Amino acid sequence: MTEPTTFVLVHGAWHDGRSWNRVAPLLTAQGHRVFTPSLTGHGDKAHLLSPEVGLTTHVGDIVGLIHEHDLHDIVLVGHSYAGMVISSVANRVPERISRLLYIDAMVPTHGENAIDVMPLTQVLIDGAVGHDQPWRIPPLPQFPAPMGLFGVTDPDDIAWLKTTLADESVLCFQQPAEMDNPAQASIPRAHILCIGNEPEGITRRPIPKLQPSGEPSRVYTLNTGHDAMITKPAELSTLLLQNT
């Protein structure tokens with residue numbers, strides 16, 4: 001029997017830790033240890049949302065979790081915006097992380113923010129200008145199928161997902177990722193892309209052909225919407241387990 005793996009699953013912008021509700025049981029059923037924290041401003045920490053909450057706050061959330069539970073040899077998984085988070089966490093505690101997995105995620109280089117990685121983010125920020133609280137960036141709206149709500153199209157799933165979504169602080173998209181620790185470059189990483197119903201006008205930055213370590217990038221695809229943890233939990237779990 002293989003040794004159990006410690007997974008830390010980090011949700012994307014506007015979501016919370018409940019987004020992993022269908023994935024976590026599939027991993028724990030295999031004997032693995034799974035953490036699904038909500039970032040500051042979301043889930044059980046929704047009341048902490050403020051203009052001061054930013055990428056640095058969210059990085060601190062995950063680093064704090066790692067130290068609190070004394071986690072080592074972590075498979076650190078980031079969905080969407082959380083690609084920014086896990087990249088900077090790896091910069092802070094590279095010795096604790098065995099692998100980085102990016103799920104349809106932003107993949108920054110040192111000093112880039114979310115706007116650099118996905119310029120459409122600026123459109124969302126501009127759309128909040130003139131509101132009473134322009135620092136609060138509301139979730140993306142629901143679109144007709146096949147895009148749905150973050151790629152979720154089942155009506156019951158959409159109804160549930162809406163109950164978990166919350167505004168994001170603009171600072172989360174403006175603060176840059178920190179990736180200047182040479183030790184983080186040696187951490188193996190893989191990318192899982194959700195394909196088949198990408199929203200029109202949203203261009204995905206290509207995954208670099210080489211990892212920071214110089215090894216060829218490992219890229220997998222799932223034919224599903226953006227929130228693969230909701231729409232394809234079994235298939236996503238299989239890919240996570242293949243990359244431990």
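This structure is a prediction, so every number in the text was calculated from the model and none was measured.
The two residues Ala177 and Ser88 make their nearest non-hydrogen contact at CA-OG, 3.4 Å. Closest of all the heavy-atom pairs between Pro37 and Leu65 is CG-CD2, 3.9 Å. The two residues Gly83 and Ser87 have their closest heavy-atom pair at O-OG, 2.7 Å. Heavy atoms only, all atoms of each residue included: Asp73 and Ser98 are closest at O-OG, 3.5 Å. What you find for Ala166 and Gly41 is that their closest heavy atoms are CB-O, 4.2 Å. Residues Val34 and Ala24 come closest through the heavy atom pair CG1-CB, 3.9 Å.
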Distance-only donor-acceptor hits, side chain of residues 143-151, under 3.5 Å, sequence neighbours excluded:
none

Name each donor-acceptor pair under 3.5 Å that joins a side chain in residues 133-141 to protein atoms two or more places apart or in another chain, with its distance.
from   : atom 1 : to     : atom 2 : distance (Å)
Arg136 : NE     : Asp167 : OD2    : 3.0

Can you give each donor-acceptor pair under 3.5 Å made by side-chain atoms of residues 236-244, sequence neighbours left out, with the distance rounded to 0.1 Å?
from   : atom 1 : to     : atom 2 : distance (Å)
Ser237 : OG     : Pro233 : O      : 2.7
Thr238 : OG1    : Ala234 : O      : 3.1
Asn243 : OD1    : Arg218 : NH2    : 3.3
Asn243 : OD1    : Tyr220 : OH     : 3.3
Asn243 : ND2    : Leu239 : O      : 2.9
Thr244 : OG1    : Leu241 : O      : 3.0

Determine whether Thr164 and Ser19 satisfy the following criterion, side-chain contact (heavy atoms from CB on, under 4.5 Å), listing intermediate values before the conclusion. CA-CA 8 Å; Thr164 72; Ser19 63; 6.0 Å; no
So Leu27 and Leu9, side-chain contact (heavy atoms from CB on, under 4.5 Å) or not? Walk me through it. CA-CA 11 Å; Leu27 300 177; Leu9 311 179; 4.3 Å; yes
Assess whether side-chain contact (heavy atoms from CB on, under 4.5 Å) is satisfied between Ser80 and His226, documenting all intermediate values. CA-CA 8 Å; Ser80 196; His226 183 58; 2.9 Å; yes
Val170 vs Leu124, side-chain contact (heavy atoms from CB on, under 4.5 Å): CA-CA, chis, key distance, verdict: CA-CA 9 Å; Val170 68; Leu124 304 178; over 6 Å; no
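Proximity of a side-chain donor or acceptor of Asn113 to a complementary backbone N or O of Gln174 within less than 3.5 Å is detected. Of the possible donor and acceptor atoms, none in the side chain of Gln122 sits under 3.5 Å from a partner among the backbone N and O of Ile115. In terms of modelled atom types and a separation under 3.5 Å, the side chain of His32 and the main chain of Thr5 share a donor-acceptor contact. For Asn91 (side chain) and Asp180 (main-chain N/O), a donor-acceptor pair under 3.5 Å exists by modelled atom type. Panel note: side chain His42, backbone Leu165; no donor-acceptor pair is recorded below 3.5 Å.
A search for side-chain hydrogen bond (donor to acceptor under 3.5 Å, both in side chains) contacts involving Glu215 returns nothing, not counting sequence neighbours. Under the rule for a side-chain hydrogen bond (donor to acceptor under 3.5 Å, both in side chains), Thr57 has no partner lying at least two apart in sequence or in another chain. Every residue meeting the side chain to side chain contact (heavy atoms under 4.5 Å, CB included) condition with Val107, not counting sequence neighbours, appears here in chain and number order: Tyr102, His191, Ile207. Partners of Glu235 according to the side-chain hydrogen bond (donor to acceptor under 3.5 Å, both in side chains) rule, which considers only residues two or more places apart in sequence or in another chain, do not exist here. Taking the salt bridge (Lys or Arg N to Asp or Glu O under 4.0 Å) definition, one finds that Asp132 meets it with nothing, sequence neighbours left out. Asp154 meets the side-chain hydrogen bond (donor to acceptor under 3.5 Å, both in side chains) test with no other residue; sequence neighbours excluded. Looking at residues two or more places apart in sequence or on another chain, you find no ring-ring contact (aromatic ring centres under 6.0 Å, His included) involving His72.
The closest side-chain heavy-atom distance from Phe35 to Thr6 is below 4.5 Å. Side-chain contact between Arg33 and Thr28: absent, with no pair of heavy atoms (C-beta onward) separated by less than 4.5 Å. In this structure, the side chains of Leu101 and Arg189 stay at 4.5 Å or more apart for every pair of heavy atoms. Considering only heavy atoms from C-beta on, Arg22 stays 4.5 Å or farther from Met229 through its side chain. Residues Val63 and Glu68 fail the side-chain proximity criterion, which asks for heavy atoms closer than 4.5 Å.
Sorted by first and then second residue, the pairs that involve residues 89-99 and meet salt bridge (charged side-chain N to carboxylate O under 4.0 Å, His left out), not counting sequence neighbours, are Asp70-Arg96. Screening residues 80-89 for salt bridge (charged side-chain N to carboxylate O under 4.0 Å, His left out), with sequence neighbours left out, gives no hits.
Taking a cutoff of 4.0 Å between a charged side-chain nitrogen and a carboxylate oxygen, Arg204 and Asp104 qualify as a salt bridge. At a threshold of 4.0 Å, the pair Asp116-Arg205 does not count as salt-bridged, since none of the basic side-chain nitrogens sits closer than that to a carboxylate oxygen.
Leu120 and Leu171 are assigned to two separate hydrophobic clusters, defined by single-linkage of ILVMFWY side chains at heavy-atom distances under 4.5 Å. Two different hydrophobic clusters hold Ile62 and Leu48 under the rule that ILVMFWY side chains link at heavy-atom gaps under 4.5 Å. Hydrophobic clustering places Leu161 together with Ile158 (ILVMFWY residues linked when any side-chain heavy atoms are closer than 4.5 Å, directly or through intermediates). Under a hydrophobic clustering in which Ile, Leu, Val, Met, Phe, Trp and Tyr are joined whenever their side-chain heavy atoms come within less than 4.5 Å, directly or via other members, Leu193 and Val77 fall into the same cluster. Note on Val85 and Val53: separate hydrophobic clusters, where clusters join Ile, Leu, Val, Met, Phe, Trp and Tyr whose side-chain heavy atoms are under 4.5 Å apart, directly or indirectly.
Taken from CD in Glu168 to CZ in Phe173, the straight-line distance is 5.0 Å, to the nearest 0.5 Å. A distance of 9.5 Å separates CG in Asp61 from OG in Ser38, rounded to the nearest 0.5 Å. With rounding to the nearest 0.5 Å, the separation of OG1 in Thr221 from CD1 in Ile192 is 10.0 Å. Atom CG in Leu39 sits 12.5 Å away from atom OG in Ser169 (nearest 0.5 Å).
When each of Val75, Leu71, Val89, Ile86 is checked for a side-chain contact (heavy atoms from CB on, under 4.5 Å) with Ile97, only Val89 meets the rule. Residue Met84 is tested with Leu55, Val10, Val59 for a side-chain contact (heavy atoms from CB on, under 4.5 Å); the sole match is Leu55.
Enclosure of atom CD in Gln175 by more than 12 non-hydrogen atoms of other residues, nucleotides or ligands within 6.0 angstrom is indicated.
Using a 3.5 Å distance cut-off with no hydrogens or angles, the side chains of Ser217 and Gln211 do not pair a donor with an acceptor. Judged purely by distance below 3.5 Å, without hydrogens or angles, the side chains of Tyr81 and His15 never pair a donor atom with an acceptor atom. Side-chain atoms of His58 and Thr40 include no donor-acceptor pair closer than 3.5 Å.
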